[in-house]
Each structure stands twice: as structure tokens, then as C-alpha cells.
Amino acid sequence: MWARRRTVVVTSVTAYAVLLVVGPHVLGAWTGAVVLVASYVVGFAWLVLVVAPWAARGRPRGTPVRHPRP
């Protein structure tokens with residue numbers, strides 16, 4: 001399952017990088033809007049597919065909680 005998530009994120013980041021390089025030549029004046037939407041999509045994919053499952057697993061049981069100093 002992790003490989004599938006990683007593949008989606010790597011593919012979207014690669015497409016985003018290609019868009020940043022080739023976008024101004026292909027899209028012209030629409031580049032800014034397209035890059036803005038693409039940034040949102042790539043960031044959302046990163047959060048949902050990578051960060052959320054990692055955060056949902058949480059800390060392993062038995063791991064001591066370090067309290068901040070007073």
C-alpha cells in the first residue's frame with residue numbers, strides 16, 4: 001500500500017516540476033493560475049497520502065512522553 005501512495009506522490013511532484021519548467025512556454029498567461037491549483041493539489045496529495053497515515057499510526061505503545069521543562 002505504501003508503494004502505491006509513494007508512486008502517486010512522486011508522479012504528482014514530477015508532473016508539478018515539469019509544469020514549472022514548461023508551463024510558461026505552453027500556457028502563457030494562464031501559467032500562474034495553473035501553478036497555483038497544481039500547488040494545492042500536490043500539497044493535498046502529500047498530506048492525505050503520506051502525512052495522514054503516518055500521523056494516524058501515532059507513537060508506539062510504551063514510548064515515554066517527554067514533558068516540557070517547567
Side-chain angles (χ1 to χ4, degrees):
M1 188 66 157
W2 166 248
R4 206 174 315 157
R5 290 180 185 155
R6 182 177 175 199
T7 303
V8 169
V9 171
V10 168
T11 303
S12 64
V13 168
T14 304
Y16 181 69
V18 170
L19 176 66
L20 287 176
V21 172
V22 183
H25 302 292
V26 176
L27 301 171
W30 285 95
T31 303
V34 173
V35 167
L36 182 69
V37 171
S39 298
Y40 176 79
V41 170
V42 169
F44 192 75
W46 172 263
L47 284 174
V48 169
L49 298 175
V50 176
V51 176
W54 171 77
R57 281 193 299 269
R59 184 174 43 245
R61 297 220 183 259
T63 304
V65 178
R66 294 178 54 192
H67 296 288
R69 295 181 196 176

Verify side chain to side chain contact (heavy atoms under 4.5 Å, CB included) between Y16 and V41, making sure each step is shown before the conclusion.
CA-CA 9 Å; Y16 181 69; V41 170; over 6 Å; no
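Counting only distance, with no hydrogens or angles, the side chain of T14 and the backbone of V10 share a donor-acceptor pair below 3.5 Å.
Minimum interatomic distance between P24 and L20 (heavy atoms only, all atoms of both residues): CD-O, 3.7 Å.
Hydrophobic cluster membership differs between V22 and L36, with clusters built from Ile, Leu, Val, Met, Phe, Trp and Tyr side chains linked at under 4.5 angstrom.
Side-chain atoms of L27 and L19, non-hydrogen and from C-beta on, do get closer than 4.5 Å to each other.
Between the OG atom of S12 and the CG atom of L49 there is a distance of 8.0 Å, given to the nearest 0.5 Å.
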